[in-house]
Amino acid sequence: MAEVTTTEEKKSLTPKEQMAAVETASQANINKVYDSGLNAQKQGLLDAYNANTAAQAQQAQAIQQNYAKANYDVGVQNARNDANVTQFADIRGVNTGAGSQHRLNLGNTRAKAETALAYQQQQALAENQRQQELATQTYQNQVAAAMADNDYKKAAALLDDYNNQSKWRDQQAQILATYGNFDPYKDLYGDEAAAAMQKVWQAQNPDVAYRTGSITPQQYKQITGKWPKGYSPGGGSYTGWYTGYVPPDAGGTIGAPGGGGGGYWSAEQGYATYMG
Amino acid sequence: MATINDTLAKRQQESASQIGDLYNQQYNSQAAQLKTAYDRNVSDAQVAQAKIAPQYQTQANQLAAQYERNRRNANLSAMSNGLGTGTAVQQAEALNNKYQQNYAGLRANEMQAQTDAGQKITSLGTDYQNQLAQARMEAENKAAAAKVENYNKQNTWYDEQAKTMAGFGDFSAYEKLYGKDAADQMKEVWIIQNPRVALGAGLIDAKKYKEITGENP
């Protein structure tokens with residue numbers, strides 16, 4: 001139960017308001033817990049995404065470096081071959097035309113090799129780019145899925161909480177009713193039904209009801225057939241349990257046996273009259 | 001002195017923290033297992049990748065050696081057969097082109113192998129990171145559900161304590177649930193129903209006792 005009110009505010013809150021505050025606190029807790037969980041999940045996904053894209057970028061760099069080296073190697077090898085054939089041609093005294101033909105061939109071979117490598121490099125980089133885009137897409141999908149999953153779980157928790165709170169409210173209404181407070185039942189059954197329940201409780205617990213100010217001395221007398229102990233109808237010095245006699249000044253209005261002049265009243269009669 | 005509300009707040013805070021720690025520990029343990037597996041896989045992949053360059057270099061060396069052998073054989077053959085200069089050079093040219101093509105092809109294959117090996121290591125990293133994120137998501141989901149469940153348990157505990165305390169005339173816990181006015185009224189009811197206990201506990205004085213019971217204590 002979270003702290004929801006100050007001490008001053010508590011005095012003015014009704015059970016209904018206070019219980020609503022408890023429910024609000026419970027729902028706030030669910031929201032807080034699931035929101036916090038989602039943030040942690042999103043951070044985890046972002047960490048993974050950052051690591052993945054960094055690794056892909058590193059891989060792209062490695063591809064470029066590797067192919068640059070391969071190109072260089074092919075070039076070096078080509079130069080070596082050029083030197084070999086040129087030397088061979090010189091020894092053999094091959095004319096300029098044959099030398100040019102040889103260089104043309106070498107140039108073609110080298111161009112073909114470089115083109116093939118460049119194509120292959122582009123393919124590798126394209127695949128790398130595709131992997132990076134896939135990582136971005138995966139990340140976005142994972143975040144969306146995490147949010148949807150979190151929303152679903154949070155909604156389920158809130159619904160569960162709503163049902164629990166309804167049950168809890170019923171339990172609290174029962175507890176309060178044992179102490180003569182039927183306010184929560186007003187929400188459940190309506191004012192009329194709650195008032196009827198309260199009347200039953202007052203009839204079952206007239207002393208407590210009177211002492212707590214829930215019923216008047218007259219109502220007490222209607223229920224029990226006697227005045228509350230310590231109560232003096234005429235404002236005199238009467239104390240102690242009243243034995244059931246209805247004085248004229250109090251009994252006249254409730255139709256006590258003996259008419260307006262007063263008389264004796266049994267508890268059953270008082271209860272029946274009181275309950276109507 | 002701590003009140004029931006202080007105790008509840010403390011219990012909720014402590015248990016939420018314990019739940020968080022518990023699932024963090026589980027996540028850390030799972031993350032450590034994933035890291036161990038990832039490191040082992042990457043290590044294997046790196047060993048395999050490290051073999052690529054020497055393997056292709058060996059092939060390149062064999063190719064070069066073969067080329068040299070072919071070239072020498074061709075020269076010898078040309079000389080012994082008395083081939084003309086033009087024909088010999090053309091033969092050398094053809095051998096050279098073949099070698100050049102083979103060498104470039106070899107390097108291209110090596111590059112492909114290097115790229116695949118690099119991509120494999122990157123993919124291992126991607127899988128590892130995704131598994132970590134997944135483990136974290138699961139841990140967070142479980143922790144959230146456990147925290148909500150615990151919150152409810154603590155509230156149930158509070159209700160039970162409120163009932164227990166009410167049995168002893170202490171309605172301070174109910175004040176939290178229903179407000180001060182309702183709790184005061186409940187306490188009044190309890191005192192009227194238990195005047196002797198209330199007097200003994202010092203909740204009412206002798207005058208009040210007499211008001212309730214009509215008798216002196």
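This is a predicted model, so every value here is computed, not measured. Chain A is the first sequence line, chain B the second, and so forth, proteins listed ahead of strands; every chain is numbered from 1.
- For a residue to count as touching a neighbouring chain, one of its non-hydrogen atoms must lie under 4.5 Å from one of that chain's; by this rule A:Ala62 does not touch chain B.
- Closest approach of B:Gln154 to B:Leu8, counting heavy atoms only: O-CD1, 3.5 Å.
- Heavy-atom distances place no part of A:Asn108 under 4.5 Å from chain B, backbone and side chain included.
- Shortest non-hydrogen contact noted between B:Gln49 and B:Gly118 is NE2-N, 3.7 Å.
- Only the side chain of B:Lys163 comes within less than 4.5 Å of a heavy atom in chain A; its backbone stays farther off.
- The two residues A:Glu114 and A:Asn71 have their closest heavy-atom pair at CG-OD1, 3.4 Å.
- Heavy-atom pairs under 4.5 Å with chain A were tallied for B:Leu95, B:Thr122, B:Asn152, B:Asp184; the largest tally goes to B:Thr122.
- Counting heavy-atom pairs closer than 4.5 Å to chain B, the top-ranked of the candidates A:Leu117, A:Ile63, A:Leu176, A:Asp82 is A:Leu176.
- Judged by distance alone, with hydrogens and angles left aside, the side-chain atoms of A:Asn52 form a donor-acceptor pair with the main-chain N or O of A:Ala48 at under 3.5 Å.
- Using a 4.5 Å cut-off between heavy atoms, A:Gln120 contacts chain B through its side chain alone, with no backbone atom that close.
- At least one side-chain heavy atom of A:Leu45 sits less than 4.5 Å from a side-chain heavy atom of B:Met137.
- Per-residue counts of heavy-atom pairs under 4.5 Å with chain B were compared for A:Gln41, A:Lys32, A:Lys16; the largest is that of A:Gln41.
- One N or O on the side chain of B:Asn28 and one on the backbone of B:Asn24 form a donor-acceptor pair closer than 3.5 Å.
- Neither side chain, A:Arg169 nor A:Gln172, offers a donor N or O lying under 3.5 Å from an acceptor on the other.
- Checked by atom type, the side-chain pair B:Asn70/B:Gln66 shows a donor-acceptor distance below 3.5 Å.
- When B:Glu211, B:Met186, B:Lys147, B:Arg107 are compared by the number of non-hydrogen pairs under 4.5 Å with chain A, B:Met186 comes out ahead.
- The most heavy-atom pairs under 4.5 Å with chain A, out of B:Gln114, B:Glu188, B:Gln112, B:Gln119, come from B:Gln119.
- With chain B as partner, the option from A:Thr178, A:Ile30, A:Ile175, A:Asn164 having the largest number of non-hydrogen pairs under 4.5 angstrom is A:Ile175.
- In terms of heavy-atom pairs under 4.5 angstrom with chain B, the leader among A:Asn150, A:Asn66, A:Asp47, A:Leu38 is A:Asn66.
- Centroid-to-centroid, the aromatic rings of A:Tyr67 and A:Tyr72 stay 6.0 Å apart or farther.
- Between the side chains of A:Asn31 and A:Gln27, no donor-acceptor pair is found at a separation under 3.5 Å.
- The residue among A:Thr53, A:Asn181, A:Thr212, A:Asp73 with the most heavy atom pairs within less than 4.5 Å of chain B is A:Asp73.
- In this structure, chain A has no heavy atom under 4.5 Å from any part of B:Tyr23.
- For a residue to count as touching a neighbouring chain, one of its non-hydrogen atoms must lie under 4.5 Å from one of that chain's; by this rule B:Ala145 touches chain A with backbone and side chain alike.
- Contact of A:Asp161 with chain B is made through the side chain alone, with heavy-atom distances under 4.5 Å.
- Both the backbone and the side chain of A:Ala40 come within contact range of chain B, judged by heavy atoms closer than 4.5 Å.
- Side-chain atoms of A:Asn78 never come within 3.5 Å of backbone atoms of A:Val74 as a donor-acceptor pair (strictly under, hydrogens ignored).
- In this structure, chain A has no heavy atom under 4.5 Å from any part of B:Tyr128.
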